[in-house]
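One structure below.
Sequence positions, counted from 1, serve as the residue numbers for this chain. Counting starts at 1 for both ligands and their atoms, following the listed order. Quick caveat: nothing in here was measured; it's all calculated off a predicted structure.
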Amino acid sequence: MSSFDYLEQNQVSWTKAAPDYAEAGRRNWAGEPAWGIWSVPEEGVGVLPDVAGLDTLELGCGTGYVSSWLFRRGARPVGLDPTWAQLSTARSLREEFGLHFPLVAAAGEAIPFADASFDLVISEYGASIWSDPYLWLPEAARVLRPGGALIFLVNGTLLMLCAEDDENVAAEPTMRRDYFGLHRVEWPDDDAIEFHLGYGDWIRLLRANGFEVEDLIEIRPPADATSTYRYVSLDWARRWPSEEVWKARKK
Ligand SMILES: C[S@@+](CC[C@H](N)C(=O)[O-])C[C@H]1O[C@@H](n2cnc3c(N)ncnc32)[C@H](O)[C@@H]1O
């Protein structure tokens, strides 16, 4: 089991990055659900179940827009994030849009809620990549009610094998990293620490925590999609999955 040694480093990194995410956060609060770096509309990808009446928890809510989408669809969301600067943006947007739901300062590795408190736990590039899955996933299982859903979006595993060290350079169709042993990933030019797993490891971890895997959505952006991120081209992402959404249910 890994330790928490990365958490503070990631909080520092997200504190620095927070101002750069505020405007995109506002656009997303104002818009309809659209996922990942290609903003693929919900209708094209089918990430969300019917959430009306559900208690939902977003792990690593950042600017909080995923929870705002859930709120508008009738859920009772809670957004959780360990970085005050990100929560501060989320709190301003919550005031601006008048959608009042709780925003809690905490990390995915130690969720401050009782067992079986939620019907849905969701994470879009939140705890799903910035927290060790061997720590946050058991916590997600703990706070979910039996029959509850876990949905999380991550970078595609193939992309993580091909990605260049420099995030401003687009990945080629060349494997640069080992698949076996994929777990903690540190980029030379970035002070944040990420976590990525191979498919077998994800499945074994989900099953070990009492989940049944329901789907793995490999997001394929439409031919006219655009992204502000440079680490993957549209051509690459049209040929291989650059983003993946795991859907699992607690038995
Ligand atoms: C890409 S951002 C947020 C994603 C969100 N969908 C958004 O764009 O507003 C990633 C977030 O993960 C949070 N984070 C970092 N470490 C975390 C951890 N251990 N548990 C939960 N969230 C974490 C960061 O503070 C940051 O706000």
(request) Would you please test Trp187 and Tyr231 for ring-ring contact (aromatic ring centres under 6.0 Å, His included) and show each step? (result) CA-CA 12 Å; Trp187 306 95; Tyr231 56 81; 8.3 Å; no

(message) Do the side chains of Arg184 and Asp5 get close enough for a salt bridge, i.e. N-O under 4.0 angstrom?
(response) yes

(request) Could you find the nearest protein heavy atom to atom 27 (O) of ligand 1 and give me its residue, atom name and distance? (result) Asp81 OD2, 2.7 Å

(message) Students should be able to answer this: which protein heavy-atom is nearest to atom 10 (C) of ligand 1, and at what distance?
(response) Tyr125 O, 3.1 Å

(request) Please work out which of the three classes, parallel, tilted or perpendicular, describes the rings of Phe71 and Phe101, given edges at 30° and 60°. (result) tilted

(message) Checking the side chain of Asn10 only, and the main-chain atoms of Trp130 only, is there a donor and an acceptor separated by less than 3.5 Å?
(response) yes

(message) Considering both backbone and side-chain atoms of Trp14, is one of its nitrogen or oxygen atoms within less than 3.5 Å of a nitrogen or oxygen in ligand 1?
(response) no

(request) For ligand 1, note which part of Ala18 has a heavy atom under 4.0 Å away: side chain, backbone, both or neither. (result) neither

(message) Show the atoms of ligand 1 that are less than 4.0 angstrom away from any heavy atom in Gly62.
(response) 3 (C), 9 (O), 27 (O)

(request) Identify, by atom number and element, the atoms of ligand 1 in contact range of Trp130, meaning under 4.0 Å from any of its heavy atoms. (result) 10 (C), 12 (O), 15 (C), 16 (N)

(message) Using a 4.0 Å cutoff against the non-hydrogen atoms of Ser131, which atoms of ligand 1 qualify?
(response) 18 (C), 19 (N)

(message) Return the closest protein heavy atom for atom 4 (C) of ligand 1 as residue, atom name and distance.
(response) Glu124 O, 3.2 Å

(request) Answer side chain, backbone, both or neither: which part of Trp136 comes under 4.0 Å from ligand 1, heavy atoms only. (result) neither

(request) Give the contacting part of Asn28 toward ligand 1: side chain, backbone, both or neither, where contact means a heavy-atom distance below 4.0 Å. (result) neither

(request) Among Glu124, Glu58, Arg26, find the one that has a side chain to side chain donor-acceptor pair (under 3.5 Å) with Tyr65. (result) Glu124

(request) State the atoms of ligand 1, each with its element, that fall below the 4.0 Å cut-off from a heavy-atom position in Thr83. (result) 24 (C), 25 (O)

(request) Say whether, by atom type as modelled, one donor and one acceptor occur between the side chain of Arg176 and the main chain of Cys162 under 3.5 angstrom. (result) no

(request) Please work out whether the ring planes of His183 and Tyr134 are parallel, tilted or perpendicular, with thresholds of 30° and 60°. (result) perpendicular

(request) Determine whether the side chains of Ser128 and Trp136 contain a donor N or O and an acceptor N or O closer than 3.5 Å. (result) no

(request) For Gly108, take its heavy atoms, then give the atoms of ligand 1 lying under 4.0 Å from any of them. (result) 18 (C), 20 (N), 21 (C)

(request) Give the contacting part of Glu109 toward ligand 1: side chain, backbone, both or neither, where contact means a heavy-atom distance below 4.0 Å. (result) side chain

(message) Return the closest protein heavy atom for atom 8 (O) of ligand 1 as residue, atom name and distance.
(response) Tyr65 OH, 3.1 Å

(request) Could you establish whether Pro82 and ligand 1 come within less than 4.0 Å of each other, counting only heavy atoms on the residue side? (result) yes

(request) Would you mind checking if Asp119 and Lys250 are paired as a salt bridge, meaning a charged N to carboxylate O distance below 4.0 Å? (result) no

(message) So, 4.0 Å and heavy atoms of Cys61: is ligand 1 close enough to count as a contact?
(response) yes

(message) Under a plain distance cut-off of 3.5 Å, with no hydrogens placed, do Tyr6 and Gln11 share a side-chain donor-acceptor pair?
(response) no

(request) Could you tell me whether Arg145 and Asp55 have a side-chain N and a carboxylate O separated by less than 4.0 Å? (result) yes

(request) Could you list the atoms of ligand 1 found under 4.0 angstrom from a heavy atom of Leu7? (result) 19 (N)

(message) Checking contacts here: is it the side chain or the backbone of Thr63 that comes within 4.0 Å of ligand 1, counting heavy atoms only? Could be both or neither.
(response) both

(request) Given side-chain hydrogen bond (donor to acceptor under 3.5 Å, both in side chains), test Glu244 with Tyr199 step by step and report yes or no. (result) CA-CA 11 Å; Glu244 291 160 353; Tyr199 300 106; 2.5 Å; yes

(request) Enumerate the atoms of ligand 1 whose separation from the nearest heavy atom of Gln86 is less than 4.0 angstrom. (result) 2 (S), 26 (C), 27 (O)

